[in-house]
Amino acid sequence: MRVDIVTIFPDFFGVLDISLLGKARGTGLLDLRVHDLRDFTHDRHRTVDDTPYGGGAGMVMKPEPWGEAIDSILESTDAADPLLIVPSPAGTRFVQTTARELAEEEHIIFACGRYEGIDQRVVDHYSERIRVELVSLGDYVLNGGEVAVMAMVEAVGRLIPGVVGNPESLVEESHEGALLEYPSYTKPSAWRGLDVPPVLLSGNHGAIERWRHEQRVERTQRVRPDLLPPA
Ligand SMILES: Nc1ncccc1[N+](=O)[O-]
């Protein structure tokens, strides 16, 4: 999979050189490229935004640099059907099924805009040429799309076959099914007066599986009843 990120804060994504995603980049499983939007400006101040037509607070990102940046990426891709994702609070909610769907994509371009947004014509122009999706990480306000893209790249990247060593560890996770995951324990069996639930030390795999399922149901009912199928 190829992923291009366009941002005015390219250094923000330096952290993607480490850990699992860093390894995936090294082995070619993930071709991640970060672009500085200001490299697609031509004025001395490398201007990327301006005041909004119609008035109002904040600044809006100018369409021209975005057009040049996205055109340059599209001109360099082998993908038949690249997807442009614009993180936005006005987008559809990013959930685990979104991550799974995106993990099947050949080429994703992430456009990190400021919260005030990118000139609407960028979305309108590219919607005529490729798939464009506004995606929201959650109902809160960030100053820009970078944090959202970091989360999305991690959630998607770890699902790419070969990125996570043991695919088994991807299965019993929160949000894979409707239920949240069960609590986990490791050595020592006693810590600060707290013991590991004895069933987990019993070696009785049937009992352990039953206990784990009960824990998932109880936790989901307590924390996220909205995830449970209607009774
Ligand atoms: N919540 C957000 N706020 C600003 C930009 C992007 C956002 N998001 O969720 O993708």
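Every number for a ligand or one of its atoms is a count from 1 in the order of the listing. Just so you know, these numbers use all the heavy atoms, side chains as well, and skip hydrogens, waters and symmetry mates.
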Problem set entry | Ligand-side contact atoms (ligand 1) for residue partner Val135, heavy atom cut-off under 4.0 Å | 10 (O)

For this session: Look at the side-chain heavy atoms of Ile, Leu, Val, Met, Phe, Trp and Tyr, link any pair under 4.5 Å apart, and say whether Phe13 and Ile160 land in one connected group.
Result: yes

Seminar exercise, completed: Atoms of ligand 1 under 4.0 Å from any heavy atom of Ala148, numbered from 1 in the order shown, are 8 (N), 10 (O)

Exercise. Quick one: does Ser136's side chain have a donor or acceptor within less than 3.5 Å of a partner on Arg93's backbone?
Worked result: no

Exercise. Can you list the ligand 1 atoms lying under 4.0 Å from a non-hydrogen atom of Gly138?
Worked result: 1 (N), 9 (O)

Seminar exercise, completed: So for Asn143 against ligand 1, with non-hydrogen atoms under 4.0 Å, the contacting part is neither

Exercise. Applying the side chain to side chain contact (heavy atoms under 4.5 Å, CB included) test to His107, which of Ile73, Leu74, Ile130, Val3 qualifies?
Worked result: Ile73

Problem set entry | Close-contact set for ligand 1 against Pro89 heavy atoms, below 4.0 Å | 2 (C), 3 (N), 4 (C), 5 (C), 6 (C), 7 (C)

Exercise. What are the atoms of ligand 1, with element, lying closer than 4.0 Å to any heavy atom of Tyr140?
Worked result: 1 (N), 2 (C), 3 (N)

Problem set entry | Those atoms of ligand 1 less than 4.0 Å from some heavy atom in Ser136 | 9 (O), 10 (O)

Exercise. How many angstroms lie between CD in Glu214 and CZ in Arg210, if you round to the nearest 0.5 Å?
Worked result: 8.0 Å

Seminar exercise, completed: Per-atom filter on ligand 1: closer than 4.0 angstrom to a heavy atom of Leu137 are 8 (N), 9 (O), 10 (O)

Which donor-acceptor pairs under 3.5 Å do side chains of residues 78-88 form with protein atoms, sequence neighbours excluded?
| from | atom 1 | to | atom 2 | distance (Å) |
| --- | --- | --- | --- | --- |
| Asp81 | OD1 | Arg131 | NE | 3.1 |
| Asp81 | OD2 | Arg131 | NE | 3.0 |
| Asp81 | OD2 | Arg131 | NH2 | 3.4 |
| Ser88 | OG | Ala90 | N | 2.9 |

Problem set entry | Over 12 foreign heavy atoms within 6.0 Å of CD, Glu154 | no

Exercise. Between Val141 and ligand 1, does any nitrogen or oxygen pair lie at a separation below 3.5 Å?
Worked result: no

For this session: Following the transitive rule for hydrophobic clusters with a side-chain heavy-atom cut-off under 4.5 Å over Ile, Leu, Val, Met, Phe, Trp and Tyr, establish whether Val149 and Val95 coincide in one cluster.
Result: no

Exercise. Has the side chain of Tyr126 got a donor or acceptor atom that lies under 3.5 Å from a matching backbone atom of Gly67?
Worked result: yes

Problem set entry | Which segment of Pro87 sits under 4.0 Å of ligand 1 when only heavy atoms are counted | both

Exercise. Taking both backbone and side-chain atoms of Gly144, is any N or O found less than 3.5 Å from an N or O belonging to ligand 1?
Worked result: no

